[in-house]
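If you read the sequence from its start, that first residue is 1, and numbering goes on from there. From a predicted model like this one, the values you see are computed outputs, not experimental measurements. Values reported hereafter were calculated over all heavy atoms of this structure, with side chains retained and with hydrogens, waters and symmetry mates removed.
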Amino acid sequence: MRTFKYKFTKLTTTLIYIGIALCVAAFGVNIFSIITGDVAASANPVYPIIQYTLMFLVPIVLLVVLISLIISSYYSIEGSTLKTSFGIIKSKYDISTIDTILLDRNTNKLTVYFKNNNFVVIVVKEEWYDEFIDALCKANKNIEFSIKSKDPDKDNKDDKKKK
């Protein structure tokens, strides 16, 4: 089994860690509020109990989702199966249904196209593109690999416009 870690942008990684910190802070604020006697001061204790249950549940669920994004976001090739995992969301694809792998140099994206006209954009480090393609092609020899090169004329036109 070959595993390739999902590559988050720096902004996304920062937002995930900020979200984790906010979840921990919300949990602490809720505990402080309960300790200070907010529930006991209420005339009807049922509503504060429901309120605090939801106030604990939301940060805990969000914390689990955010931590799972950091820990469990990857692509793996195991036998004849391509598995994608994005936190708690997991998918499996049969490698025999892969038609084409396209490396677009303009956008620097690696895309896997299936025979049923679906596709998956692979988001890993650029250094891993060759290893990922090799692993898929070893699992299925019928996969077509193509590279869409940068258009040199486009760069020349942009240079002419600047002058």
Counterpart residues, side chain to side chain donor-acceptor pair (under 3.5 Å), relative to N108 (two or more places apart): E126
- request: Go through the steps for K7 and W128 under the test side chain to side chain contact (heavy atoms under 4.5 Å, CB included), then give the verdict.
  value: CA-CA 11 Å; K7 181 188 166 206; W128 295 347; over 6 Å; no
task: Check the hydrophobic clustering (I, L, V, M, F, W, Y; side-chain heavy atoms under 4.5 Å; chains of links allowed) and say if Y75 and I71 are grouped together.
output: yes
field: Atom of A139, atom of G79 and distance for their closest heavy-atom approach
entry: CB-O, 3.6 Å
task: Could you grab the distance from atom CG of N30 to atom CD1 of I35, nearest 0.5 Å is fine?
output: 11.0 Å
task: Indicate the atoms forming the closest heavy-atom contact of S80 with D94, along with that distance.
output: O-OD1, 3.0 Å
message: I need the minimum non-hydrogen distance between K115 and I98, along with the two atoms involved.
response: CE-O, 4.2 Å
query: Taking the side chain from T12 and the backbone from F8, do they hold a donor-acceptor pair closer than 3.5 Å?
result: no
task: Considering non-hydrogen atoms only, spot the tightest contact between G87 and S73 and give its length.
output: N-OG, 3.3 Å
- request: Could you tell me whether F114 and F119 have their ring centroids closer than 6.0 angstrom?
  value: no
field: NZ (K90) with more than 12 external heavy atoms under 6.0 Å
entry: yes
Co-membership, hydrophobic cluster, residues I147 and V124, 4.5 Å side-chain: yes
- request: Decide yes or no for I67 and I20: does some side-chain heavy atom of the first lie under 4.5 Å from some side-chain heavy atom of the second?
  value: yes
task: Step through it carefully: locate the ring centre of F132, locate the ring centre of F4, and say whether they are under 6.0 Å apart.
output: yes
message: Using 0.5 Å steps for rounding, measure from the NZ atom of K5 to the OG atom of S72.
response: 7.0 Å
- prompt: How far apart are the C-alpha atoms of I89 and S85, what are their side-chain angles, what is the distance that settles it, and do they pass the side chain to side chain contact (heavy atoms under 4.5 Å, CB included) test?
  reply: CA-CA 6 Å; I89 301 169; S85 176; over 6 Å; no
query: Which heavy-atom pair separates G19 from L66 by the least distance, and what is that distance?
result: C-CD1, 3.5 Å
query: With hydrophobic residues grouped by side-chain heavy-atom distances under 4.5 Å, do L57 and V29 end up in a single group?
result: no
- prompt: Once you round to the nearest 0.5 Å, how far does CD1 of I60 lie from SG of C23?
  reply: 9.5 Å
- prompt: With a 4.5 Å limit on heavy-atom distance, are the side chains of Y93 and T84 in contact?
  reply: yes
- prompt: Distance from K92 atom NZ to T81 atom OG1, nearest 0.5 Å?
  reply: 6.5 Å
task: Using atom types as modelled and distance alone, determine if a side-chain donor or acceptor of T14 lies under 3.5 Å from a backbone N or O of K10.
output: yes
field: I143-V112 co-clustered via ILVMFWY side chain contacts under 4.5 Å
entry: yes
query: Backbone N or O of V65 within a donor-acceptor pair of the S68 side chain at under 3.5 Å?
result: yes
- line: Taken to the nearest 0.5 Å, the spacing of L102 CG from K148 NZ works out to 7.5 Å
- prompt: Tell me, do Y17 and I70 make a side-chain contact under 4.5 Å, heavy atoms counted?
  reply: yes
query: Checking N140 side chain against I95 main chain: does a donor-acceptor pair fall under 3.5 Å?
result: yes
- request: Determine, step by step, whether I77 and L136 satisfy the side chain to side chain contact (heavy atoms under 4.5 Å, CB included) criterion, reporting the C-alpha distance in whole Å, the side-chain angles of both residues, the deciding distance to 0.1 Å, and the verdict.
  value: CA-CA 7 Å; I77 300 166; L136 277 178; 3.8 Å; yes
query: Under a single-linkage definition using a 4.5 Å side-chain heavy-atom cutoff for Ile, Leu, Val, Met, Phe, Trp and Tyr, are M55 and I31 assigned to the same hydrophobic cluster?
result: yes
message: With side chain to side chain contact (heavy atoms under 4.5 Å, CB included) as the criterion, how do L110 and V121 come out once you've worked through the C-alpha distance, each side chain's angles and the decisive distance to 0.1 Å?
response: CA-CA 6 Å; L110 184 65; V121 177; over 6 Å; no
- request: Give a yes or no answer on whether the side chain of Y113 reaches the backbone of V120 with a donor-acceptor pair at less than 3.5 Å.
  value: no
- prompt: Rounded to the nearest 0.5 Å, how far apart are CD1 of I133 and CG of L103?
  reply: 5.5 Å
